[in-house]
Amino acid sequence: QVQLVESGGGLVQPGGSLRLSCAASGNFFSINRMGWYRQAPGKAREMVAVHSDGSTNYFDSVKGRFTISRDNAKNTVTLEMNSLKPEDTAVYYCYASIKRTAWSTMWYNTWGQGTQVTVST
């Protein structure tokens with residue numbers, strides 16, 4: 001069974017910074033896409049930043065403020081969040097598309113339990 005374990009998050013004032021980390025553990029063969037989504041109250045879950053095949057994609061509103069990094073050897077992904085705004089307040093979820101075995105043709109979407117980020121005075 002594969003688990004994504006998140007750390008970081010919390011309460012920060014506008015303009016502040018936070019760092020989120022996520023580590024994949026358990027039995028699996030490889031990870032393709034890995035990154036972060038978020039969901040604010042009453043809103044749909046949205047992609048924040050995803051790393052895939054050496055490239056990264058960011059949600060427009062976080063470009064220039066957030067940076068995603070990935071360590072393939074450790075199966076970890078980190079999100080550095082700077083210049084945080086109240087509209088960044090949400091539950092942030094780690095995401096990974098995982099192949100369980102070498103012979104599998106399926107990639108499974110896997111989610112962490114979520115970590116709360118609150119930007120407020």
Side-chain angles (χ1 to χ4, degrees):
Q1 195 166 2
V2 181
Q3 279 190 316
L4 299 178
V5 180
E6 299 143 337
S7 60
L11 174 64
V12 65
Q13 292 186 345
S17 299
L18 282 175
R19 184 184 189 198
L20 304 181
S21 297
C22 174
S25 64
N27 295 318
F28 59 91
F29 176 70
S30 66
I31 299 174
N32 183 7
R33 304 173 75 238
M34 197 171 189
W36 296 89
Y37 284 67
R38 68 187 181 188
Q39 187 167 19
K43 294 188 177 181
R45 190 172 296 188
E46 61 187 15
M47 185 272 288
V48 176
V50 173
H51 185 284
S52 175
D53 294 329
S55 66
T56 56
N57 288 299
Y58 293 94
F59 188 55
D60 283 348
S61 71
V62 308
K63 287 180 180 178
R65 300 188 297 122
F66 291 11
T67 303
I68 188 172
S69 59
R70 179 174 170 180
D71 186 331
N72 289 327
K74 296 181 180 180
N75 295 313
T76 60
V77 66
T78 300
L79 186 68
E80 298 281 355
M81 303 185 293
N82 298 312
S83 302
L84 282 160
K85 304 175 181 180
E87 51 263 43
D88 294 317
T89 296
V91 177
Y92 283 69
Y93 296 92
C94 181
Y95 161 82
S97 60
I98 294 176
K99 181 181 284 190
R100 295 176 179 174
T101 63
W103 55 87
S104 174
T105 59
M106 294 283 292
W107 293 92
Y108 291 89
N109 294 326
T110 307
W111 298 91
Q113 78 282 2
T115 185
Q116 178 70 46
V117 171
T118 302
V119 185
S120 175
T121 56

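Here, residue 1 is the first one in the sequence, and each next residue gets the next number.
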Where do [X] and [Y] come nearest, in terms of heavy atoms and distance?
{"X": "A24", "Y": "I31", "answer": "CB-CD1, 3.8 Å"}
{"X": "R65", "Y": "L84", "answer": "NH1-CA, 3.8 Å"}
{"X": "I68", "Y": "Y58", "answer": "N-OH, 2.9 Å"}
{"X": "G8", "Y": "T115", "answer": "O-OG1, 3.0 Å"}
{"X": "T78", "Y": "S21", "answer": "OG1-OG, 3.8 Å"}
{"X": "G10", "Y": "L18", "answer": "O-CD1, 3.9 Å"}

Identify, with sequence neighbours excluded, every residue that meets ring-ring contact (aromatic ring centres under 6.0 Å, His included) alongside W107.
none
Is any side-chain heavy atom of [Y] closer than 4.5 Å to one of [X]?
{"X": "F28", "Y": "T110", "value": "no"}
{"X": "L20", "Y": "R38", "value": "no"}
{"X": "N57", "Y": "S52", "value": "no"}
{"X": "S120", "Y": "L11", "value": "yes"}

Looking only at atom types and distance, does a side-chain atom of E6 sit under 3.5 Å from a main-chain N or O of G114, one as donor and one as acceptor?
yes
V119 backbone acceptor or donor facing T89 side chain under 3.5 Å
yes
Determine whether V2 and Y108 satisfy the following criterion, side-chain contact (heavy atoms from CB on, under 4.5 Å), listing intermediate values before the conclusion.
CA-CA 10 Å; V2 181; Y108 291 89; over 6 Å; no
Would you call D88-K85 a salt bridge at under 4.0 Å N-O?
no
Assess whether atom [atom1] of [X] is packed by more than 12 heavy atoms of other residues, nucleotides or ligands within 6.0 Å.
{"X": "N109", "atom1": "CG", "result": "yes"}
{"X": "Q1", "atom1": "CD", "result": "no"}
{"X": "Q3", "atom1": "CD", "result": "no"}

Given V50 and Y37, is the side-chain contact (heavy atoms from CB on, under 4.5 Å) satisfied, shown in steps?
CA-CA 8 Å; V50 173; Y37 284 67; 4.0 Å; yes
Is there a continuous path of hydrophobic side-chain contacts, each under 4.5 Å between heavy atoms, that joins V91 to M47?
yes
In this structure, would V62 and V117 fall into the same cluster of hydrophobic residues linked by side-chain contacts under 4.5 Å?
yes
Hey, what's the ring geometry for F66 with Y92, parallel, tilted or perpendicular (30° and 60° as the breaks)?
tilted
Check the angle between the aromatic planes of W111 and Y93 and answer parallel, tilted or perpendicular using the 30° and 60° thresholds.
perpendicular
